[in-house]
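Below is one structure; the comments refer to it alone.
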Amino acid sequence: MTATAPAPVAPLEAPPPELAQQRWDGRARLTIEGNLGDAMKLADVPRSATPGEGRPPERAAALLFDHVMASSGLNEELTQEEREAFLSRFVTEVTRQCAEDTSAEISSLDFMHRAGYILESQKPVVTAAIVRSINSAVLGFTTKMQGWMVHESVEL
């Protein structure tokens with residue numbers, strides 16, 4: 001018995017531009033693709049997720065992150081590695097900005113405003129879920145998640 005080479009994979013045919021656009025427009029967007037600052041505003045954020053009362057900004061940031069991930073459904077969209085990298089970037093940036101603030105204490109409102117901006121700027125630019133969503137739309141090309149992409153954020 002002789003071994004045969006696997007059949008070549010047919011190249012993905014590109015649909016006509018109008019159909020590709022229709023598929024793109026019809027693709028359900030993931031929460032991570034939206035404005036996470038807005039998602040945070042919709043979350044009923046507990047007081048414990050803001051600094052103060054002996055709570056350092058990094059602890060408040062981690063609590064806020066966990067709350068927004070759970071209330072927005074992002075826990076289901078992100079892999080553990082994506083979530084951990086995002087959390088690290090978020091907490092680092094919140095802590096940096098709070099340390100640079102020269103006022104005695106950051107108000108809860110100011111903290112929430114900054115945190116919304118930081119959530120949006122530090123979110124992953126691409127995730128495994130986005131790759132699956134784009135590929136399932138059959139746009140005439142395929143995307144592939146690379147390991148290094150986990151550490152890339154929207155902010156340049």
Side-chain angles (χ1 to χ4, degrees), residues 17-156:
E18 302 81 21
L19 180 56
Q21 186 65 54
Q22 182 181 22
R23 289 176 179 172
W24 176 259
D25 293 343
R27 185 179 69 84
R29 297 301 188 262
L30 303 171
T31 302
I32 195 72
E33 294 177 272
N35 185 323
L36 297 189
D38 290 345
M40 192 188 79
K41 291 174 193 170
L42 297 174
D44 186 19
V45 179
R47 228 178 108 113
S48 62
T50 60
E53 300 173 359
R55 215 173 6 271
E58 58 272 11
R59 178 69 182 133
L63 290 169
L64 177 62
F65 183 89
D66 289 342
H67 181 76
V68 171
M69 293 299 111
S71 66
S72 67
L74 282 167
N75 277 336
E76 288 76 40
E77 285 187 15
L78 301 176
T79 66
Q80 184 67 27
E81 187 179 16
E82 290 165 347
R83 188 178 183 284
E84 288 171 2
F86 185 11
L87 171 63
S88 176
R89 289 190 304 270
F90 177 71
V91 170
T92 298
E93 186 60 16
V94 166
T95 303
R96 184 190 69 74
Q97 285 196 23
C98 287
E100 289 177 357
D101 192 311
T102 57
S103 61
E105 190 172 309
I106 298 170
S107 72
S108 292
L109 185 61
D110 187 38
F111 178 80
M112 296 300 286
H113 177 74
R114 289 182 194 197
Y117 174 80
I118 295 168
L119 267 175
E120 181 60 22
S121 69
Q122 296 303 316
K123 74 180 181 181
V125 70
V126 68
T127 66
I130 291 172
V131 167
R132 282 190 305 275
S133 176
I134 290 171
N135 289 341
S136 68
V138 189
L139 301 171
F141 62 89
T142 56
T143 58
K144 183 178 177 185
M145 184 73 180
Q146 303 287 331
W148 58 267
M149 293 176 174
V150 170
H151 304 288
E152 296 298 314
S153 65
V154 169
E155 183 176 72
L156 298 176

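Positions are given from 1 along the sequence.
Heavy atoms only, all atoms of each residue included: Glu155 and Tyr117 are closest at OE2-OH, 4.3 Å. Taking all atoms of both residues into account, the shortest heavy-atom contact from Ile130 to Ile32 is CD1-CG2, 3.6 Å. The two atoms that bring Phe111 and Ala61 nearest to each other are CZ-N, 4.0 Å, heavy atoms only. What you find for Arg83 and Asp66 is that their closest heavy atoms are NH2-OD1, 2.8 Å. Considering all non-hydrogen atoms of both residues, Gly147 and His151 come closest at O-CD2, 4.2 Å. Leu78 and Pro124 get closest at one heavy-atom pair: CD2-CG, 4.3 Å.
Partners of Glu33 according to the salt bridge (Lys or Arg N to Asp or Glu O under 4.0 Å) rule, which considers only residues two or more places apart in sequence or in another chain, are Arg27. In terms of the side chain to side chain contact (heavy atoms under 4.5 Å, CB included) criterion, residue partners of Thr95 (sequence neighbours excluded) are, by chain and number, Glu58, Val91. Residues forming a side-chain hydrogen bond (donor to acceptor under 3.5 Å, both in side chains) with Glu81 (at least two apart in sequence, or on another chain): none.
No hydrogens or angles considered: nothing links the side chains of Glu18 and Gln22 as a donor-acceptor pair under 3.5 Å. Counting only N and O atoms by type, the side chains of Thr31 and Glu77 include a donor and acceptor under 3.5 Å apart.
Looking at Ser136, its side chain does come within 3.5 Å of a backbone N or O of Ser133 through a donor-acceptor pair. Between the side chain of Arg114 and the main chain of Gln97, a donor-acceptor pair closer than 3.5 Å is present. Remark: the backbone N or O of Gly34 is paired with a side-chain donor or acceptor of Lys123 at under 3.5 angstrom.
Taking 4.5 Å as the limit, every side-chain heavy atom of Phe86 sits out of range of all side-chain heavy atoms of Val150. Met145 places a side-chain heavy atom less than 4.5 Å from the side chain of Val126.
Rounded to the nearest 0.5 Å, atoms OG (Ser153) and CZ (Phe90) are 13.0 Å apart. Atom CD of Glu82 and atom CG of Leu87 lie 13.5 Å apart (nearest 0.5 Å). A distance of 11.0 Å separates CD of Gln122 from CD of Glu152, quoted to the nearest 0.5 Å. Going from atom CD of Glu84 over to atom OG1 of Thr79 covers 8.5 Å, rounded to the nearest 0.5 Å. Annotation: the span from Ile118 atom CD1 to Glu93 atom CD amounts to 5.0 Å, rounded to 0.5 Å.
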